[in-house]
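Below is one structure, written out as structure tokens, with a few remarks after it.
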Amino acid sequence: MTVEEAIQLQLRMAHLVEHRAPEGFEPKVAAGLDVAYTSDRFIATAVCVDIATLDIVDSAVHHGVADFPYVPGLFSFRELPALLPALAKLRVTPDVLVCDGQGLAHPRRFGLACHIGVQTGLPSIGVSKQALGQYEAPGPHRGDWKPLVDNGETVGRALRTQHGVKPVFVSIGHRIDLDTATELTLKLSPRYRLPETTRAADHLGREVLAGRVGVQDVRD
DNA sequence: GCGACAG
DNA sequence: ATCTTGTCGC
């Protein structure tokens, strides 16, 4: 797929994003997703976490050869082909996906979290370390936030997950609203800046790369 | 035209 | 994302 084709696909698929959670949405299990890279290979990880206890209840990995390069604005086309097979290997079906990147907070309103949400039909959110858009500094306390704005539109929030640390940037992916996404992010981040889901997925990827965890241990 | 640009 | 040394804090 060319860059132009990918952009056209984003513009068409952005209309499919649902900004509301399913009726009676009460997520119990959240899946953290991440992809780690070496020079030519990737390792995608999906880790299911019990939202109430933060216990890891399932995990899966998928590895292969990276083909689509990282192009700003087209991040999902690089990560999605790696992430979907990892997601498919999970035995537990998560209630919500937590992506390491943007959702609606994207130039064409279709970041990774939107893409993977629409593709799978699962509710999803994006929690990123770097903002795409403008924002004012939120208050210094955990839970403080300010709107993340792009082109005069509120596309997410700069959210303080820990007292005095740099905020994270939350946006909806699919089938969820911004308040619920914010609340979930805070539940998943009781101790560190980033959600436990993202931390667990990131950690698993590094362990596999380091050879300390075999792919067979997580059903490669 | 110039710089910035999720991971 | 990955490549890397040192440094600060619990």
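Values below: every heavy atom of this structure, side chains too, minus hydrogens, waters and symmetry copies.
- In this structure, H163(A) places its NE2 atom 14 Å from P of dC10(C), rounding to the nearest Å.
- The CD1 atom of I43(A) sits 14 Å away from the C1' atom of dA1(C) (whole-angstrom rounding).
- Atom CD1 of I116(A) is separated from atom CG of L83(A) by 4.5 Å, given to the nearest 0.5 angstrom.
- Separation of atoms CG (L87(A)) and NE2 (H62(A)) is listed at 11.5 Å; rounding is to 0.5 Å.
- Between the side chain of R157(A) and the main chain of P147(A), no donor-acceptor pair closer than 3.5 Å is present.
- Using cut-offs of 30° and 60° for the angle between ring planes, the F110(A) and H115(A) rings count as tilted.
- The residue among R206(A) and R191(A) whose nearest nucleotide of DNA chain C lies closer to the 5′ end is R206(A).
- In this structure, H203(A) atom NE2 and dA1(C) atom C1' are separated by 18 Å, rounded to whole Å.
- Put simply, CD on Q162(A) and CG on L186(A) are 9.0 Å apart, with the number rounded to the nearest 0.5 Å.
- Under a 4.0 Å N-O distance rule, the pair D95(A)/R175(A) does not qualify as a salt bridge.
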Please tabulate, one pair per line, each protein N/O and nucleotide N/O from nucleotides 3-7 of chain B that are separated by under 3.5 Å, including the distance.
residue : atom : partner : partner atom : Å
dA6(B)  : OP2  : Y70(A)  : OH           : 2.2
dA6(B)  : O4'  : Q102(A) : NE2          : 3.3
dA6(B)  : N6   : G73(A)  : O            : 3.3
dA6(B)  : N6   : F75(A)  : N            : 3.2
dA6(B)  : N6   : H106(A) : NE2          : 3.4
dA6(B)  : N1   : L112(A) : N            : 3.2
dA6(B)  : N3   : Q102(A) : N            : 2.9
dG7(B)  : OP1  : K129(A) : N            : 2.8
dG7(B)  : O3'  : D100(A) : OD2          : 3.0

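- Under the 3.5 Å distance criterion, the side-chain polar atoms of R193(A) are matched with a main-chain donor or acceptor of K166(A).
- Atom CZ of R108(A) sits about 13.0 Å away from atom CZ of R12(A), to the nearest 0.5 Å.
- Pairing analysis of DNA chain B (Watson-Crick: purine N1 to pyrimidine N3 plus N6-O4 or O6-N4; G-U wobble: N1-O2 and O6-N3; both under 3.5 Å) yields no stem of 3 or more pairs.
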